[in-house]
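Written out below as structure tokens is the structure these notes cover.
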Amino acid sequence: MIQIAILGFGTVGTGVAKVIAENPRQIERKLGEPLEVKSILVRHFKDGPFRQLMTDDFSKIEEDGDIRVVVEAIGGVEAAYDYTRRALSAGKHVVTANKQLVAEKGCELLALARKKNVSYLFEASVGGGIPILHPLTQCMAANRIDEVYGILNGTTNYILTRMVRAGASFADALAEAQKKGYAEADPTADVDGIDAGRKICILADLAFGRQVDPERVPMAGIRDLSLRDVKIARRAGYRVKLLGRAARTAGGGHTAYVAPHLISEDSPLAGVEDVFNAVVVKGNATGEVMFYGRGAGELPTASACVADVMEVLQQSPRREEIGWSPESGGFTDPLELESRHYFRIRGSLSDAVGAFGQAEVLDEDGGTAFLTDAMTGREALERSGALEVLACLRVLA
């Protein structure tokens, strides 16, 4: 009998316990022996089928030599960081879906895991139930990864889908998402791009092998996105999506950011709707490869956590390919990346042409909406400086 502990019993922690309880034969067949949840760390005890497993004393888990893996499902950084360090130091493998902790402290925790000859795995931290980190670090290991980008937040993708399909305003679509349980009462992390930002940092860390500090990554969300721009983009054959993007830059550098983009309706990403996510990885040998599925939710995220639990138990003694250098140099300002840009200005076509030389007009009703030629974000800002800009979005090539 293999015994594990779960820290936290919210959405993810509950899902992990359910997956293990509902799929015992499949898990045992893979591991060669049963997998059992021995302890669940909680702040408040709850009635239910797992009540007898609950404790509010982490030291009981920390000092229990029979517990081989700890699933951290607390979220946030403070308590999760302390418990993760202590579990690793006690010689226990740790699995997590905590994107904030991995983005901010992952490099340090991976180093501690290596020192203690155990594993720290976090497949569920980026794509929920979508396998992306394992393919990125193992299946595509023969590639130089040049770019990773995608729809990394299901809440914002649902809101954008409703804005396109139903013509709902951002506020109305957000309210609908909250009613359905897709958005929290405080949706800041989702709608302001913070959640996607943490995920793109983890992807960039693994793709480029160097620490990407979340504080240096610009994160823009969809809170200020106008329904008018969504409609103009759709009439012109584009969809608006919130993308996290990480790319190699000239001279061996790299960059990462989160922002709304116009995507051609011919792109596979344009068809990713509702709460679904998708990640595109561009390797120099494979070209573009896309991973698609539900990026959040109790059971999809729990499935990825339990898969990591099973992997660390099958590995001897730990995975070597997961990790990145603590060096954070080589980060390039995303404004140096080239792309076409979408602008909507309070002004005429002649104003747009005067600033940009030429423009592809998309709409002239009550102002002018247009696309520029490819240029850096910095140049686009400089050229638009004399215009009254109502909206500005990058266009994904």
Side-chain angles (χ1 to χ4, degrees), residues 72 74-85 88 94 96-115 120-127 132-133 136-137 144-153 156 188-221 242-261 279-282 295 321-337 339 376-378 381 394:
E72 185 273 297
I74 299 172
V77 170
E78 294 183 6
Y81 174 59
D82 178 46
Y83 293 151
T84 298
R85 281 187 55 84
L88 292 171
V94 177
T96 186
N98 189 338
K99 64 192 75 72
Q100 183 179 3
L101 182 61
V102 177
E104 295 182 15
K105 302 290 187 180
C107 191
E108 174 191 339
L109 294 171
L110 283 163
L112 176 59
R114 283 191 291 271
K115 181 179 178 181
Y120 180 56
L121 295 188
F122 39 89
E123 180 66 65
S125 67
V126 171
I132 177 60
L133 302 187
L136 179 65
T137 58
R144 182 191 69 239
I145 305 301
D146 292 323
E147 188 172 354
V148 184
Y149 63 92
I151 298 165
L152 303 176
N153 182 271
T156 52
T188 300
D190 292 323
V191 302
D192 289 345
I194 299 169
D195 177 81
R198 291 165 179 158
K199 294 174 181 178
I200 200 61
C201 285
I202 297 169
L203 289 168
D205 292 336
L206 292 169
F208 308 135
R210 306 180 76 172
Q211 176 69 34
V212 174
D213 183 354
E215 292 187 0
R216 299 188 66 185
V217 177
M219 302 176 190
L242 183 69
L243 299 184
R245 188 180 178 200
R248 289 188 186 273
T249 56
H254 56 276
T255 193
Y257 68 96
V258 177
H261 287 67
V279 183
V280 176
V281 181
K282 186 182 295 184
E321 72 273 8
I322 286 285
W324 55 89
S325 166
E327 297 178 6
S328 58
F331 189 83
T332 303
D333 190 325
L335 286 176
E336 301 306 321
L337 287 179
S339 69
T376 66
R378 193 176 306 283
L381 286 177
R394 286 185 179 269

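Computed over heavy atoms, backbone and side chain alike; hydrogens, waters and symmetry mates excluded.
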What pair of heavy atoms forms the shortest contact from [X] to [Y], and how long is it?
X    : Y    : result
L152 : A196 : CD1-O, 3.8 Å
E104 : P214 : CG-CG, 4.3 Å
A124 : A97  : CB-CB, 3.7 Å
E72  : L101 : OE1-CD2, 3.7 Å
A113 : L88  : CB-CD2, 4.0 Å
P260 : G221 : CG-O, 3.3 Å

**Item:** Between T332 and T255: side-chain donor-acceptor atoms closer than 3.5 Å
**Value:**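 There is no such pair (donor and acceptor under 3.5 Å, judged by atom type) between the side chains of T332 and T255.
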Look up atom [atom1] in [X] and atom [atom2] in [Y], then write down how far apart they are to the nearest 0.5 Å.
X    : Y    : atom1 : atom2 : value
I151 : L242 : CD1   : CG    : 9.0 Å
Q100 : K199 : CD    : NZ    : 13.0 Å
N153 : D195 : CG    : CG    : 4.5 Å
Y149 : L203 : OH    : CG    : 13.5 Å
C107 : D213 : SG    : CG    : 11.5 Å
E108 : Y120 : CD    : OH    : 10.0 Å

Please confirm whether the backbone N or O of [Y] pairs with a side-chain atom of [X], one donor and one acceptor, at under 3.5 Å?
X    : Y    : answer
N98  : A80  : no
E123 : V126 : no
K99  : R198 : no
T84  : Y81  : no
H254 : G252 : no

**salt_bridge(D205, R210) N-O dist < 4.0 Å** =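 Salt bridge absent between D205 and R210.
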**Item:** Ring-face cation contact, F208 with R144, 6.0 Å cut, 45° max
**Value:**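 No, R144 and F208 do not form such a contact.
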**Message:** Can you list everything that forms a salt bridge (Lys or Arg N to Asp or Glu O under 4.0 Å) with R245? Sequence neighbours excluded, please.
**Reply:**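 Listed in chain order: E147.
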**Request:** Kindly write out the residues that satisfy salt bridge (Lys or Arg N to Asp or Glu O under 4.0 Å) with R378, not counting sequence neighbours, or none if the list is empty.
**Result:** D333, E336
**Request:** Could you go through the side-chain contact (heavy atoms from CB on, under 4.5 Å) check for F122 and L110 one step at a time?
**Result:** CA-CA 11 Å; F122 39 89; L110 283 163; 4.0 Å; yes
**side-chain contact (heavy atoms from CB on, under 4.5 Å) between V148 and K282, intermediate numbers included** = CA-CA 6 Å; V148 184; K282 186 182 295 184; over 6 Å; no
**Asked** E78 versus Y83: any side-chain heavy-atom pair under 4.5 Å?
**Response** no
**Message:** Applying side-chain contact (heavy atoms from CB on, under 4.5 Å) to V217 and F331, what does each step give before you reach the verdict?
**Reply:** CA-CA 9 Å; V217 177; F331 189 83; 4.2 Å; yes
**Asked** Please walk me through it: do L335 and T376 pass side-chain contact (heavy atoms from CB on, under 4.5 Å)?
**Response** CA-CA 6 Å; L335 286 176; T376 66; over 6 Å; no
